[in-house]
Asker: 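Dumping the structure here so I can ask a few things about it.
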2 protein chains.
Amino acid sequence: MSHHLRLVTPELAATLRRCQDCPLSRLCLDEAPPGAAAPLPSCDEQRCVHLDGGQHLFRVSDAVDQQLHIIRSGDVKLYQHGRDGGQHIIEFLGPGAWLGLESLNEQQRHAGAVALTPCDVTTVPYSMLTTLLDRQPRSAEAFGQLLSDTIARHQQHAAMLRSTSAVQRVAQFLLHRLEQAPHGTAARASLPMSRQDIADYLGLTSSTVSRCLSALRRRGWLSMGQRAFSLPDQPAVQQVAAGMPLALDD
Amino acid sequence: MSHHLRLVTPELAATLRRCQDCPLSRLCLDEAPPGAAAPLPSCDEQRCVHLDGGQHLFRVSDAVDQQLHIIRSGDVKLYQHGRDGGQHIIEFLGPGAWLGLESLNEQQRHAGAVALTPCDVTTVPYSMLTTLLDRQPRSAEAFGQLLSDTIARHQQHAAMLRSTSAVQRVAQFLLHRLEQAPHGTAARASLPMSRQDIADYLGLTSSTVSRCLSALRRRGWLSMGQRAFSLPDQPAVQQVAAGMPLALDD
DNA sequence: CGCTTTTTTGAGCTCGGTCAATATAAGTGG
DNA sequence: CCACTTATATTGACCGAGCTCAAAAAAGCG
């Protein structure tokens, strides 16, 4: 089966029926029989993998399989092992995010990826991507921006880890989840990961995370359901995130 | 003045007189008059900037000037402002490192770059780079690897920030400096940055950094000169970096 | 040689980690 | 649907690593 690659710019994507809900904002890999007028297969018909919650997409020390992944639905956590045995969460990734960018250069993966919820993941072989990059100058640019964004995101995360206070980190985390979430849903975001995961992400203990969340709830800044939350008083939380001191006990 | 861009592979680079000490391992931008047999200008004759210690290459909130930089000699710190006023050091960069990868996508810089020592910096306009990337598939690959490396480096840094103990972080920092340094010089590395900078990089206080260094010195693990250090007992320091507890006081 | 800036060291206190006890949620099988 | 088990979350009590504040020592620098 031979693949022909096309770049679909945002403008062009809008004109394609099946691609218009494509989670890729910049790059869209579109498979078409060369020179054929047959109906374009949708992005959804590309190689997709389904994962149940808890399943691994890849593990630390796996051989790199020469392909990237794009999350189409669901949430994934990217982690590595700390020297002390506990795992360090690198980041939580949702629909539209790319996985594997940090392994382009490596033989072995130094991070693992686990589904937090049921997921659909598209697989993109390096060969596909490099072919596309060679043919389409603008896509190389877009890909550069993708990597650039990732770097910037990690710098931000590192900055969060240097924030002194625990509540401060938790507040920043909640706000970050909110602005990542589809903000049509009235400032409500999901929390598909465990407290331990949040703790490992923020460099804290699950106990401390709990205490911070409780402290925010007690004041009415935060309201939590099972796997989601909202911030009734977002400005207050922003103040906390900016460094406003906040006692954990009553 | 029109520029013609050539990709110089590592193999080819070795055959070029003036390029053989080029600090770029993967990409080498080489300017030549189109079709002319004139002697090739050396990499060193490309646009270079010299900076004295303390001078800024760019500041936070500067407009992105559509160019990247490569450090040819000297050390640079990349920083951003923390909410609390103090600065957060993103990373310390030495000869061969690229600057500006995190801003490909941005209008404004969200990080600043300052010379720690006198520096020579080569300037690479985006236009040059994208032209090169378009023409030379392998260079696009190499550039991808460069970005991938940067992402991996940041993930490592984030992991360090989650390391619980202060001595642990300091030990990891010292070891990292050592392995980055030209290891011909008998396990000796430079420390061109202030204690405050180290503290901001590690998420600690300058006081604590001092205390940790003193603790290591007291035990004879570490020996420090003005702006450099060595590790007489590197294995011991590695143990500390791996989590071995170590009392700060005597 | 004064002056400023950086580094080191000290003493007290606080935040957040550790350990442990509930409490709540999520499964499991009858 | 309920009783039982297991995993996850919350909360409490205590303690130590590291921050704060501050002073002394060392290093730059004109």
Side-chain angles (χ1 to χ4, degrees), chain A residues 52-54 77 82 84-87 116-118 160-171 173 191-219 222-229 240 243-250, chain B residues 52-54 77 82 84-87 116-118 161-171 173 191-218 222-229 240 243-250:
Chain A
D52 290 328
K77 72 173 177 185
D84 51 355
Q87 65 181 355
L116 292 167
T117 64
M160 171 155 65
L161 288 172
R162 273 166 301 209
S163 300
T164 41
S165 151
V167 236
Q168 200 175 341
R169 296 187 207 179
V170 172
F173 174 71
L191 276 187
M193 69 296 284
S194 73
R195 296 302 138 90
Q196 186 57 57
D197 284 340
I198 300 177
D200 289 339
Y201 178 68
L202 298 177
L204 298 171
T205 312
S206 60
S207 310
T208 303
V209 173
S210 260
R211 266 188 271 268
C212 292
L213 291 175
S214 299
L216 292 171
R217 247 177 314 180
R218 206 173 300 128
R219 269 153 250 250
L222 164 69
S223 138
M224 289 189 54
Q226 7 261 4
R227 268 332 204 223
F229 71 94
V240 175
M244 191 188 81
L246 187 63
L248 287 194
D249 46 54
D250 211 24
Chain B
D52 290 328
K77 72 173 177 186
D84 51 355
Q87 66 182 356
L116 292 167
T117 64
L161 289 172
R162 272 168 301 209
S163 300
T164 41
S165 150
V167 235
Q168 201 174 341
R169 296 187 209 179
V170 172
F173 173 71
L191 276 188
M193 69 295 284
S194 74
R195 297 301 139 90
Q196 186 58 55
D197 284 340
I198 299 177
D200 289 339
Y201 178 69
L202 297 176
L204 298 171
T205 311
S206 59
S207 310
T208 303
V209 172
S210 258
R211 267 188 269 270
C212 291
L213 292 175
S214 299
L216 292 171
R217 246 177 314 180
R218 207 174 297 128
L222 165 68
S223 138
M224 289 189 52
Q226 7 262 3
R227 260 353 197 210
F229 71 94
V240 175
M244 191 188 82
L246 187 62
L248 287 194
D249 46 55
D250 209 22

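So that the names make sense, note that chain A is the first sequence line, chain B the second, and so on, each numbered from 1.
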Asker: Between Arg211(A) and Thr208(A), do the side chains contain a donor N or O and an acceptor N or O under 3.5 Å apart?
Answerer: no
Asker: Between C1' on dT7(C) and CD on Gln196(B), what's the gap in Å once rounded to a whole number?
Answerer: 11 Å
Asker: Whole-Å distance between dG18(D) P and Arg195(B) CZ?
Answerer: 18 Å
Asker: Any side-chain heavy atom of Val167(A) within less than 4.5 Å of one from Met244(A)?
Answerer: no
Asker: At what angle, to 10 degrees, do the two end axes of the helix from dC1(C)-dG30(D) to dG30(C)-dC1(D) meet, given five pairs define each axis?
Answerer: 50°
Asker: Could you walk me through whether Met193(B) and Arg227(B) pass the side-chain contact (heavy atoms from CB on, under 4.5 Å) check?
Answerer: CA-CA 8 Å; Met193(B) 69 295 284; Arg227(B) 260 353 197 210; over 6 Å; no
Asker: Rounding to a whole Å, what distance do you find between Arg169(B):CZ and dA17(D):P?
Answerer: 14 Å
Asker: Can you tell me the distance, in whole Å, between the CG atom of Leu246(A) and the C1' atom of dT14(C)?
Answerer: 15 Å
Asker: Main chain of Met160(A), side chain of Ser163(A): is a donor-acceptor contact present, judged purely on distance under 3.5 Å?
Answerer: yes
Asker: A side-chain contact here means heavy atoms from C-beta on lying under 4.5 Å apart; do Asp197(B) and Leu116(B) qualify?
Answerer: yes
Asker: Would you call Leu202(A) and Ile198(A) a side-chain contact if the rule is heavy atoms closer than 4.5 Å?
Answerer: yes
Asker: Do Arg219(A) side-chain atoms and Ser214(A) backbone N/O form a donor-acceptor pair below 3.5 Å?
Answerer: no
Asker: If I take atom CZ from residue Arg218(B) and atom CG from residue Leu248(B), how far apart are they, to the nearest 0.5 angstrom?
Answerer: 8.5 Å
Asker: Over how many whole Å does the gap from Met224(A) atom CE to dA9(D) atom C1' extend?
Answerer: 10 Å
Asker: Between Arg227(A) (CZ) and dT24(C) (P), how many Å, whole number?
Answerer: 17 Å
Asker: Show each protein N/O and nucleotides 16-19 of chain C N/O combination with a separation under 3.5 Å, one pair to a line.
Answerer:
unit_1  : atom_1 : unit_2    : atom_2 : d
dG16(C) : OP1    : Ala166(A) : N      : 2.5
dG17(C) : OP2    : Thr205(A) : OG1    : 3.2
dG17(C) : OP2    : Thr208(A) : OG1    : 2.1
dG17(C) : O5'    : Thr205(A) : OG1    : 2.9
dT18(C) : O4     : Arg211(A) : NH2    : 3.2

Asker: Grab the CG-P distance between Asp249(B) and dT8(C) for me, whole Å please.
Answerer: 17 Å
Asker: Check whether any side-chain nitrogen or oxygen of Arg217(B) sits under 4.0 Å from OP1 or OP2 of dT8(C), and answer yes or no.
Answerer: yes
Asker: Using whole Å, what does the distance between atom P of nucleotide dT7(C) and atom CZ of Phe229(B) come to?
Answerer: 15 Å
Asker: Should Arg162(A) and Arg169(A) count as side-chain neighbours, where that means a heavy-atom distance under 4.5 Å?
Answerer: no
